[in-house]
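Scroll down for the structure; my scribbles are underneath it.
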Amino acid sequence: MCKQKPQTEGTIFVDLDRAERASLFDYFHSIELISLETSPDVLIVGISKMIVHQDKYYALDKNQCIIFVFDKTGKFLFKIGKKGQGAGEYVFIQDFNINPFSGHLEILEPYGNVHVYDVSGNYIETKRIAFSGFRVVHTLSAVNSHTHVFHTMFEPEKIIYFNLDEQKLLHQEFEENRRLGSFSNNPYQYQDDWFFSGLFIL
């Protein structure tokens with residue numbers, strides 16, 4: 001019988017039986033340590049996400065529901081920390097993003113609010129994620145000027161494409177087999193592509 005040869009174009013093969021040593025300097029030209037300023041008003045419990053934008057560091061302390069902003073030398077500039085239920089306030093920060101199309105900072109509350117600020121921390125507006133069957137999301141990313149992609153760990157379909165301006169569900173996909181006993185990790189971007197992976201325990 002004729003057997004079709006496996007497709008190898010674009011495939012990277014790894015020999016797991018041959019260990020290779022690697023140095024950080026094989027991947028980075030230099031490493032620099034930047035100390036972030038601390039004071040009685042700037043105490044960080046833990047950083048769960050950091051975005052570098054226009055020579056500033058935006059650091060999310062999820063435990064305190066605060067985004068601390070530092071300049072490129074680590075000097076504290078300001079923070080977004082407005083817990084509450086009024087305009088421009090939030091109960092919890094699940095994720096945040098700096099939208100590359102609008103230039104605005106977006107804070108995600110998991111149960112359907114996206115709070116929009118300018119990159120100086122001034123509140124602009126709050127947008128809702130609302131459609132039949134919606135319950136919770138855990139990450140957000142803007143893929144073009146009118147579409148956000150949200151990831152949810154707990155719903156059957158993990159990836160949600162949604163138009164916040166028109167309040168329109170565009171698409172849902174990636175139904176995960178929950179009997180495997182684990183949930184997918186957050187999507188991440190590398191260069192121009194997005195990657196989405198899961199941990200499976202067999």
Side-chain angles (χ1 to χ4, degrees), residues 33-131 133-143 147-155 158-165 167 169 182-189 194 196 199:
L33 178 64
I34 299 174
S35 298
L36 301 179
E37 178 185 347
T38 59
S39 71
D41 295 326
V42 188
L43 294 176
I44 298 174
V45 174
I47 295 175
S48 57
K49 181 175 183 178
M50 179 176 285
I51 294 176
V52 181
H53 179 72
Q54 296 179 346
D55 290 331
K56 295 183 179 68
Y57 298 104
Y58 293 79
L60 170 60
D61 185 334
K62 191 181 287 189
N63 293 315
Q64 298 189 80
C65 294
I66 295 173
I67 296 174
F68 294 94
V69 184
F70 303 86
D71 70 12
K72 63 181 180 180
T73 68
K75 180 181 178 182
F76 173 71
L77 299 175
F78 61 90
K79 62 184 176 182
I80 302 173
K82 300 178 180 179
K83 290 190 70 174
Q85 297 184 1
E89 297 177 337
Y90 49 80
V91 176
F92 181 69
I93 300 177
Q94 181 65 43
D95 190 21
F96 86 104
N97 177 53
I98 295 180
N99 188 315
F101 305 98
S102 68
H104 294 148
L105 186 149
E106 300 168 332
I107 290 177
L108 174 66
E109 281 191 285
Y111 298 106
N113 286 326
V114 177
H115 304 283
V116 183
Y117 298 78
D118 66 22
V119 290
S120 297
N122 301 304
Y123 173 72
I124 298 174
E125 62 179 326
T126 295
K127 299 180 179 182
R128 285 286 298 162
I129 310 164
F131 58 88
F134 172 81
R135 292 198 302 175
V136 62
V137 288
H138 298 93
T139 67
L140 83 161
S141 301
V143 294
T147 305
H148 280 72
V149 174
F150 299 92
H151 161 252
T152 174
M153 291 187 289
F154 303 134
E155 297 304 302
K158 304 298 180 187
I159 304 174
I160 299 167
Y161 297 79
F162 192 79
N163 186 321
L164 281 171
D165 294 324
Q167 290 290 291
L169 175 64
S182 63
F183 300 103
S184 295
N185 298 320
N186 295 342
Y188 63 94
Q189 186 177 18
W194 285 89
F196 191 81
L199 173 66

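Each residue takes its place number in the sequence, starting with 1. A quick note: this is a predicted structure, and the numbers were derived from the prediction, not measured. Side chains are part of it too, since the values below use all heavy atoms of this structure and drop only hydrogens, waters and symmetry mates.
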- Who passes ring-ring contact (aromatic ring centres under 6.0 Å, His included) against Y123, sequence neighbours left out? Y117
- Can you list the residues that meet the ring-ring contact (aromatic ring centres under 6.0 Å, His included) rule with F162, with sequence neighbours excluded? F131
Any side-chain heavy-atom pair from [X] and [Y] closer than 4.5 angstrom?
| X | Y | result |
| --- | --- | --- |
| E37 | T73 | no |
| H148 | N99 | yes |
| Q85 | V91 | yes |
| K49 | F96 | yes |
| I129 | F134 | yes |
| K79 | I67 | no |

To the nearest 0.5 Å, how far apart are [atom1] in [X] and [atom2] in [Y]?
| X | Y | atom1 | atom2 | result |
| --- | --- | --- | --- | --- |
| D118 | L105 | CG | CG | 9.0 Å |
| N163 | L169 | CG | CG | 10.5 Å |
| E109 | C65 | CD | SG | 8.5 Å |
| Y58 | I47 | OH | CD1 | 14.5 Å |
| I107 | Q94 | CD1 | CD | 12.5 Å |
| I44 | L60 | CD1 | CG | 10.5 Å |

When you measure from the side chain of [X] to the backbone N and O of [Y], does any donor-acceptor pair fall under 3.5 Å?
| X | Y | result |
| --- | --- | --- |
| R128 | Q167 | no |
| S120 | N122 | no |
| K83 | E89 | no |
| K82 | Y90 | no |
| D95 | L140 | yes |
| T152 | V136 | yes |

- Message: Considering only residues two or more places apart or on different chains, which pairs with a residue in residues 55-73 satisfy salt bridge (Lys or Arg N to Asp or Glu O under 4.0 Å)?
- Response: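 Listed by first then second residue: nothing to list.
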- Message: Looking at F78, I want to see if its CZ is surrounded by more than 12 non-hydrogen atoms of other residues, nucleotides or ligands under 6.0 Å.
- Response: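 More than 12 heavy atoms, drawn from other residues, nucleotides or ligands, come within 6.0 Å of this atom.
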- Heavy-atom closest contact (F150 atom, V137 atom, distance): CB-CG1, 3.7 Å
- Donor-acceptor side-chain pairing of E125 and H115 below 3.5 angstrom: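 No, no side-chain donor-acceptor pair sits under 3.5 Å.
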- Query: Taking the six-membered ring for Trp, are F70 and F76 parallel (under 30°), tilted (30 to 60°) or perpendicular (over 60°)?
  - Reply: perpendicular
